[in-house]
Amino acid sequence: MLPRTATDRLLYSGITADLWLRPGVRRDDAERRARPACEPGASPAGVGVVLGAGNVTAIGPMDVLDSLVVHGRPAILKLNPTFSGLLEAYAAALAPLIAADLVAVVNGGAEVGADLVAHPGISHVHVTGSAATHDAIVWGPEPRTSDDTGRRSKPGKPDTPARPRLDKPVTSELGGVSPIIIVPGRWSARDLRFQAEHVASLKVHNAGHNCVAAQIVIMPADWDQRDDFVAELHAAFERIPPRDNWYPGSSASEDRARTAYPDGTTAGATFLAEVTPETSQDLLTTEYFGRVLGLTSLPGKPADYLRSAVAFANTRLAGTLGATIIVAPQQRRRLGSSFDEAVEDLRYGAIGINIWSGIAFLDPRLSWGAFPGGTLKDVGSGIGRVHNSGFVPDVERVVATGPFRPFPRSLVGGELSLLPVPPWFATARTARQTARAFTRYATRPTPARLAAVLAHAVRA
């Protein structure tokens with residue numbers, strides 16, 4: 001899916017992104033069936049309600065457009081209370097669709113949301129939030145206990161299927177514990193610093209209030225540069241200006257982490273803690289949604305370690321939304337098919353290789369959602385996928401690859417990339433200017449506006 005155009009090759013220099021289909025689905029069959037669920041001129045496929053997220057302003061509108069464009073379903077967007085003050089802004093942005101009676105935007109708390117999802121005129125519900133929110137909508141607000149892994153236990157008795165309170169289709173995106181898997185190799189001092197800034201950026205973006213914010217860094221115990229990398233990681237957090245907590249409950253969440261890990265340390269505004277078999281396992285099973293990062297180590301030589309790291313992520317971590325692997329190009333070549341098999345075995349809906357898995361959210365030509373397998377009883381990171389403006393059916397995951405080093409060092413390492421420091425890095429000096437220029441270009445693409453984007457980006 002990326003790159004597809006000459007402009008892509010400039011804006012996404014050195015970045016590729018592929019849609020992986022579910023096992024047994026052929027590419028030619030998927031291409032043949034790649035069309036909207038509701039053809040132009042057909043009757044609408046019911047009316048949906050989108051329970052908007054409260055952490056990123058783009059999520060609600062993009063979910064509404066997914067409902068409308070991909071599924072042919074007009075939608076009501078109920079804003080999260082954290083964004084209630086943006087009602088007029090959303091209404092202005094979506095004004096043509098509102099005037100056509102295809103979209104409505106409303107404010108309200110849990111009671112309004114409950115009334116909307118229960119309304120007989122609503123045929124579909126999409127929710128972005130936590131598993132607890134999903135379960136309250138689907139099963140009711142009754143409290144649930146947790147099993148010994150810390151994951152939410154399934155509603156009802158194990159041998160008796162519970163009857164959901166909500167009797168209409170539900171899709172969801174619910175986050176989880178996102179891993180960063182470090183593949184060992186011989187890194188230069190500049191590599192160590194750049195990749196430490198990379199990991200730190202994936203933690204502090206939006207003050208950690210992201211469903212794919214980095215939460216656990218998996219490292220090789222036998223890597224002779226492990227301590228150097230951890231030191232660079234602490235230094236990166238110290239250099240980054242603090243991002244204040246603003247999402248409701250995030251400060252209390254951080255306090256719980258400090259209590260669970262009394263030996264943890266603070267670098268800048270971020271709390272870091274080592275997770276070992278002797279410590280609390282909460283960082284593996286609880287999404288903290290804030291400025292908390294765990295570090296853990298696994299033994300083994302590179303190929304064995306990588307297999308162990310993938311198995312650890314698949315079986316020990318809550319959720320299946322996004323994972324990132326960091327590997328030097330020469331080490332990837334050295335691992336050969338072992339690396340490819342590790343990516344294939346990693347069960348996440350978005351996998352980034354030397355790039356944030358969140359790129360699958362950032363470009364709507366890709367597809368966003370959990371790895372298939374979530375159910376109403378055991379929802380994990382959610383059910384279904386959104387965006388996918390190419391209408392590709394049966395998507396299993398997105399796999400994106402970026403350069404290990406920024407330009408011009410990328411060329412020295414054999415990577416054909418002109419990408420400087422990516423604008424989502426917290427250390428990118430021109431991120432604000434690049435974002436504004438890109439927004440202007442997106443609203444009205446012209447060569448001059450494209451040149452402005454590139455001019456700001458190369459100064460990062």
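Along the sequence shown, residues are numbered consecutively beginning with 1. Reckoned from all heavy atoms, side chains included, excluding hydrogens, waters and symmetry mates.
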With a 3.5 Å distance limit and no angle check, can you tell me whether T401 reaches the backbone of T16 through a side-chain donor-acceptor pair? no
Does the gap between the ring centers of W187 and F404 come in under 6.0 Å? yes
For W20, is there any backbone N or O sitting under 3.5 Å from a side-chain donor or acceptor partner on D18? no
Does either side chain, that of S123 or that of R73, offer a donor lying less than 3.5 Å from an acceptor on the other one? no
Which residue in the set V106, L79, L77 passes side chain to side chain contact (heavy atoms under 4.5 Å, CB included) when paired with L87? L79
Between H205 and W424, is the ring centre distance below 6.0 Å? no
Correct closest heavy-atom pair for S297 and R226 would be OG-NE, 2.7 Å
Which pair of non-hydrogen atoms, one from C211 and one from W368, has the smallest distance, and what is that distance? SG-CZ2, 4.1 Å
Quick check against the 3.5 Å criterion: does N388 have a side-chain atom that pairs as donor or acceptor with the backbone of V392? yes
Would you find a donor on one side and an acceptor on the other, under 3.5 Å apart, between the side chain of Y90 and the backbone of T57? yes
Between F271 and Y288 (judged by ring centroids, cut-off 6.0 Å), do the two rings come close enough to count as a pair? no
Any salt bridge between R32 and D29, counting N to O under 4.0 Å? yes
Does the side chain of N314 pick up a donor-acceptor pair with the side chain of Y348 at under 3.5 Å? no
Does a side-chain N-to-carboxylate-O contact under 4.0 Å join R409 and D191? yes
Between R334 and Q331, is any side-chain donor less than 3.5 angstrom from a side-chain acceptor? yes
Donor-acceptor check, side chain of S201 to backbone of A426, threshold 3.5 angstrom: yes or no? yes
Can a side-chain donor-acceptor contact be found between T171 and H126 if the only test is distance below 3.5 angstrom? yes
Working for side-chain contact (heavy atoms from CB on, under 4.5 Å), residues V343 and I325: CA-CA 9 Å; V343 175; I325 304 172; 4.1 Å; yes
Is a side-chain donor or acceptor of N80 paired with a backbone partner of T82 at a separation under 3.5 angstrom? yes
Could you tell me whether D394 and R33 make a salt bridge, using a distance below 4.0 angstrom between a side-chain N and a carboxylate O? yes
Just by modelled atom types, is the A75 backbone N or O under 3.5 Å from a matching donor or acceptor in the S67 side chain? no
Looking only at side-chain N and O atoms, does Q215 offer a donor or acceptor that is under 3.5 Å from a partner on S178? no
Here the pair of heavy atoms bringing C38 nearest to H71 is CB-O, 3.9 Å
Quick one: closest heavy-atom pair of I216 and L293, and the distance? N-CD1, 4.1 Å
For A370 versus T320, what's the shortest heavy-atom pair and its separation? CB-OG1, 3.5 Å
Counting only heavy atoms from other residues, nucleotides and ligands, does the tally under 6.0 Å from CD of E39 exceed 12? yes
Can you tell me how far apart OG (S250) and CZ (R291) are? Round to the nearest 0.5 Å. 7.5 Å
When rounded to the nearest 0.5 angstrom, what distance separates CZ in R193 from CZ in F229? 13.5 Å
